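In this text the structure is predicted, and so the values were computed from the model without any measurement.
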Amino acid sequence: MRENDIIITYGSDASVMTRALLDAIDIESLIGDTNATIVLKPNLVVAVTPEGGATTHPEIVISIIEHLKDRGYHHITIAESAWIGDSTERGFAVNGYHAISGRYGVPLIDVKKDRYVTQSAGGITMEVSKTVLECDFLINLPVLKGHCQTAMTCALKNMKGCISDRSKRQFHTQGLHRPIASLNRVRSADLIIVDSICGDLDFEEGGNPVETNRIFAARDSVLSDAFGASLIGFTEEDIPYIHLAEELGVGSSDLSRMNLISLNEPSQQPLATPTGKAHSLTLHTEERSACSACYGTLIHALKRLDEVGRLKNLKHTISIGQGFKGVEDPKKVGVGSCTQGLGKSLPGCPPKAVDMAEFIKGLEQPPRHHS
Ligand code: SF4
């Protein structure tokens, strides 16, 4: 796997999808020596299970451990810390990590109780987990989801679970973006496997999950986040820590250089009915047998438009799904290649949310400003 590769797979079985990614990655060539110490860093920001859209699916962790052990890698540790106010131990417990630890002989490190090494980068000083800092190979397992303060969280921000609570508090007083970039300058992941199965629409702690049923892998945390941002309707400008990390030499956000490898095509699966805020956004859609990757992406695009006040002027209903294949209707508009017979259609299978948002904006007149 090269530095500018993003490998993506679609499906509903996290174990099968992770194994397919690991086969494509050729992880042995990245890690090398079987004596290497390997740390897996999931997202257990709060003590809840993954269906809520906040935490990493444990099947991803299990599949990686089994894959590595089969290839002779036995020095594997899982390290994480919940956000301030929640217990990492409870997060481990509700997601079955104690059983995983026992079955595979993989220690669990609660970073809140780890030893720290004081490090500085980009003008920010922080206490970083010794376990994470000193490992030979760090695999970051973020959930791609919205965040109420930084708009999005993915690989770069997931590293915040690798510092002391004292440094987390300090990061918040320093505005989060620069500290997150600096932390990744100190230590960023060697491999990122992004859980984008059902990330939350806009909250780090979950509650409004949006099914997109995809997992993707990257080696460059900046590229991973620039790509992730586009999938949920943001540009890099919306998330300042992406460019700040790039300026500190963490990686490249240049999506034109990205080599996107799709292991399979999205397919139609039974869609879970979105709840809460996500459900209100579906009222702007006409869905006929849509793949979850496509439909979830449209929900994120509609959310972005709602945030800038462009949804209340939307006159069109956005068609989406395989049920529109072969339908010719000049009055309808749609997103995704399946809707190419409609009056206006955005190509792509699936298109990115950032492109969907631009397409939908182009359908409507901008709101009039009264002086
Ligand atoms: S364009 Fe059609 S086939 Fe492709 S992801 Fe969307 S709904 Fe599925």
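Across Thr297 and Arg214, no two heavy atoms sit closer than the pair OG1-NH1, 3.1 Å. For the pair Asn4 and Arg257, the tightest heavy-atom approach, listed with the atom from each and the gap, is ND2-O, 2.8 Å. Here the closest heavy-atom approach between residue Gly228 and residue Met152 is recorded as C-SD, 4.0 Å.
Two residues are said to be in side-chain contact when any heavy atoms from C-beta on lie closer than 4.5 Å; Phe227 and Lys352 meet this criterion. Between Ile78 and Ser101, every side-chain heavy-atom pair lies at or beyond the 4.5 Å cut-off. At a threshold of 4.5 Å between non-hydrogen side-chain atoms, the residues Asn43 and Leu141 do not count as touching. Proximity of Leu30 to Asp26: side-chain heavy atoms (C-beta onward) are nowhere separated by under 4.5 Å. Here the side chains of Asn259 and Ile261 are in contact, with some heavy-atom distance below 4.5 Å. Residues Ile100 and Leu108 form no side-chain contact, since every pair of their non-hydrogen atoms from C-beta on lies 4.5 Å or further apart. Side-chain contact between Val111 and Thr88: absent, with no pair of heavy atoms (C-beta onward) separated by less than 4.5 Å.
No side-chain N or O of Glu286 forms a donor-acceptor pair with one of His316 less than 3.5 Å apart. Under 3.5 Å, the side chains of Thr153 and Lys160 contain no donor-acceptor pair of N or O atoms. A donor atom on one side chain and an acceptor atom on the other are found under 3.5 Å apart for Tyr104 and Glu66. Defined by atom type and a distance below 3.5 Å, a donor-acceptor pair is missing between the side-chain atoms of Tyr116 and Ser167.
Ion pairing between Lys168 and Asp165 holds under the 4.0 Å rule for side-chain N and carboxylate O. Asp5 has a carboxylate O that lies under 4.0 Å from a charged side-chain N of Arg2, or vice versa, which qualifies the two as a salt bridge. Between Glu358 and Lys361 there is a salt bridge, since at least one side-chain N of the basic residue sits less than 4.0 Å from a carboxylate O of the acidic one.
Residue pairs satisfying the salt bridge (Lys or Arg N to Asp or Glu O under 4.0 Å) criterion with at least one member in residues 131-145, sequence neighbours excluded, are listed as follows: Lys130-Glu134.
Judged purely by atom type and a 3.5 angstrom limit, Glu287 uses its side chain to pair as donor or acceptor with the backbone of Ser289. Side chain of Arg304 to main chain of Ile232: a donor-acceptor pair is present (N/O by atom type, distance under 3.5 Å, no hydrogens or angles). Between the side chain of Ser87 and the main chain of Arg90, a donor-acceptor pair closer than 3.5 Å is present.
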Item checked: side-chain hydrogen bond (donor to acceptor under 3.5 Å, both in side chains) assessment of Glu51 paired with Thr49 -> CA-CA 6 Å; Glu51 313 78 62; Thr49 49; 2.8 Å; yes

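Between Phe92 and Tyr97, the angle of the ring planes lies from 30° to 60°, which puts this pair in the tilted group.
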